[in-house]
Amino acid sequence: MNKRRRDNFIFRTEHLSKLYPDGQVHALEDVEIDVRRGEYVAIMGPSGSGKSTLLNLLGALDRPTSGEVYYDGRPYSKVRNLERVRSQQFGFVFQSFHLLPILTALENVQVPMFEGPLGAAARVAKAKELLALVGMEHRADHMPQKLSVGERQRVAIARSLANDPSVILADEPTGNLDSHSAEGVFELFAHLHEDRGLTVVLITHDEEFGRLAQRTIRMQDGRIRSDVYAEDRRFYTPLPPFAVQ
Amino acid sequence: MRFYTFVFKNVVRRRVRSTLTVIGMALAVGAVVALVGVSRSTEQSFMDIYQRQNTPIIVQQRGAKQRLTSVLSEKLGEEIEKIPGVKHANGGLVDFTSLEQLGADAVIVQGWRPGSPLMKNLNILPGGRNISPDDKHCVLLGDQLAIALEKKVGDKLSLYESGEYVVVGIFESHIGYESRSMVMRLSELQRFMGRPGQVSGFAVLVDRPDEPKEIERICAAISALGPRIDAKSAVDSVKDTAEIRFINAMAWIVSAIAIIIGVVLMLNTMIMSVSERTREIGILRAIGWGRLRIVRMILVEAFLLSLCGGVLGSIAAIGLTRALSQHPDVAGLIDAHIGPGVIAFGIVCSLLVGVLGAAYPALRGAQLLPTEALRHE
């Protein structure tokens, strides 16, 4: 079956470009990708290749200079309340966790839920459930600074699941972790993808973890250099590098 | 966890930031409350004197904005008492004198007729007595003045380079202006001041002091007695007094400066506080918080901090003015009673300034794209 079939896309981009005015840097240039519902995609590439910019544009955290992002067939430029899409459909995981230092693990997980329908008691119950899912129920009352980096990332993953998102967007989630903790985090993503059917789009530098994904998109100089599905990897030949613009 | 619990924790658990903001607010509010409070209480203390004496009408020389410069004939009192509805017209003379040898350089001396209602209304402390019509070279001292001069009943003091006066009584008053004054016979003060037959003004008692229309009618009738005569209700008279107007004007100018400094301080504190949290705003926006919720969070926090600052500042202002008013140099001259209205004004002021001061950085922070906010160092 052709893996690149053009149906059931959760994300699709059209001629997506992002130009940072300071320094006139083309962070992204005419990028066209699509992500199907339930896919596990790893974005790889050297620093400054545009991976985070692409992830931020997919997650509606930033606006493109030109081009369009479609989520579930709807272009972002036509969506009036992107905040709602972000809060209800996406769960974000960051390299530096971005937990609120004044809140306990249990409280941090509840923060996104203020935008959801749950009452106070239900929020606590759900946060406990999510902490249990990531194996952190025993650290629920600890402040982030009392947790190890691996534990902080687990709490951040629990928080990303607070509003039952369809998609997890993770920007180098293991960048600050030791190999043991990183392994645990990737296991978690694999579990979320397989057992919960979530679409996972993550950025990683680690080739080994990148291979765990169903699909690997490699970027260079703001463009897609290769886009390979796991089944095709053994036949994979890297695309020739782009000419310097 | 509820949203407001989160906001509350944000304030309580960021101790250093919250404490500094509250201190900044308290300083600004404290200055405003203290200055406006002293001004208001000084005005009120004049009012209290007339209320205690049940004086609804004050008669002075037209155009004289200071009691000291007002000159009226003592005989005018008889004409005023002929007006229907008037009970008594109590003529009084006021002077400022210096008792340098006793360390008091501005003592208010009031000359009243012995046996007049003004004299009778004084609350003489046990051990002393009032001045009787037969007394000569006798004075009554206000309690604060007696303390300042270190005088008690029976002691003597030199006045107007015309011999010694015996302190026959000490009267108590919670009104600063009055408690630091001295009372003597009208005729003696007239002689010392070289103003025989003259008074500074009249305190007029009426049959129906609670009827504003009646007061108005009597004022008009008194004013019609001559072109130099100006009768006003006690409230209007106090408000029109040059000293009160000067104190009020000064207090309002200093209060306005305090408010401006307070606004700038709050604005600065809030901008710093929100800028410091730009990254946090980025995180909250990234995990789905809407702009309105961000603004709400910052404004509610500002409200809580301003409320704490307002309350603490008011308490500090009350304590400080009370402590300072006990200082020998000002005891009795400055009233330290800060009324609930002034405290409410201070707290409302702090809430308005705090919330408005936070609104700008809150709106600015909420307008940022999550990535812009997250990049913020």
Side-chain angles (χ1 to χ4, degrees), chain A residues 18 20 22 27 52-53 55-57 59-64 81-104 106-116 118-127 143 156 159-163 165 169 171, chain B residues 1-22 273-302 304-305 362-377:
Chain A
K18 178 72 183 180
Y20 286 111
D22 44 341
S52 295
T53 306
L55 196 82
N56 288 340
L57 291 173
L61 294 179
D62 204 351
R63 273 194 290 264
N81 195 350
L82 272 178
E83 286 154 358
R84 185 152 185 81
V85 174
R86 214 159 44 220
S87 84
Q88 302 304 312
Q89 303 297 327
F90 305 153
F92 289 94
V93 180
F94 304 95
Q95 181 179 357
S96 41
F97 331 120
H98 289 334
L99 295 174
L100 299 182
I102 50 131
L103 298 180
T104 64
L106 187 70
E107 290 163 346
N108 260 292
V109 177
Q110 293 174 62
V111 173
M113 297 183 201
F114 294 132
E115 293 290 339
L118 298 181
R123 284 185 207 130
V124 175
K126 185 166 185 187
M143 305 304 271
R159 181 183 64 183
S160 74
L161 301 169
N163 289 331
L169 297 164
D171 190 351
Chain B
M1 182 171 62
R2 290 174 197 284
F3 172 68
Y4 290 105
T5 313
F6 167 69
V7 176
F8 182 72
K9 283 181 177 173
N10 236 342
V11 171
V12 173
R13 290 185 186 168
R14 291 176 201 272
R15 277 189 209 136
V16 175
R17 182 173 66 88
S18 300
T19 308
L20 289 176
T21 312
V22 167
S273 152
V274 176
S275 302
E276 179 195 283
R277 298 170 63 196
T278 309
R279 238 171 123 78
E280 183 191 325
I281 290 173
I283 298 168
L284 294 171
R285 298 266 290 125
I287 62 176
W289 273 34
R291 289 191 172 97
L292 268 181
R293 188 174 293 278
I294 300 273
V295 172
R296 230 167 83 200
M297 173 186 80
I298 294 171
L299 292 189
V300 174
E301 279 185 36
L304 287 176
L305 293 170
L363 289 168
R364 202 186 57 166
Q367 288 304 318
L368 289 176
L369 280 168
T371 44
E372 288 170 343
L374 284 170
R375 269 198 297 271
H376 202 274
E377 291 300 328

Tell me, side chain or backbone of A:L106 under 4.5 Å from chain B's heavy atoms, or both, or neither?
neither
Quick one: side chains of residues 282-291 of chain B, donor-acceptor pairs under 3.5 Å with protein atoms, not counting sequence neighbours, listed by atom name and distance.
from   : atom 1 : to     : atom 2 : distance (Å)
B:R285 : NH1    : A:E83  : OE2    : 2.8
B:W289 : NE1    : A:V111 : O      : 3.0
B:R291 : NE     : B:A366 : O      : 3.0

A:L61, part contacting chain B, at a heavy-atom distance under 4.5 Å
both
In this structure, CG of A:N108 is separated from CZ of B:F6 (nearest 0.5 Å) by 8.5 Å
When rounded to the nearest 0.5 angstrom, what distance separates CD in B:E280 from CG in A:L99?
12.0 Å
Using non-hydrogen atoms and a 4.5 Å limit, figure out which bit of A:S96 sits close to chain B: side chain, backbone, both or neither.
side chain
Verdict with supporting geometry, B:M1 and A:R123, side-chain contact (heavy atoms from CB on, under 4.5 Å)
CA-CA 7 Å; B:M1 182 171 62; A:R123 284 185 207 130; 5.7 Å; no
Give a yes or no on whether a salt bridge exists between A:R63 and B:E372, defined as a side-chain N under 4.0 angstrom from a carboxylate O.
no
So which part of A:F94 gets closer than 4.5 Å to some heavy atom of chain B, the side chain, the backbone, both or neither?
side chain
So, the part of A:F114 with a heavy atom under 4.5 Å from chain B: the answer is both
Just verifying a value: how many Å separate A:L100 CG and B:K9 NZ, rounded to the nearest 0.5 Å?
12.0 Å
Should we count CZ of B:R13 as having more than 12 external heavy atoms under 6.0 Å?
yes
Kindly compute the distance separating CD (A:E115) from CZ (B:F3), expressed to the nearest 0.5 Å.
9.0 Å
Measuring from B:L374:CG to A:N56:CG, what's the distance to the nearest 0.5 Å?
8.0 Å
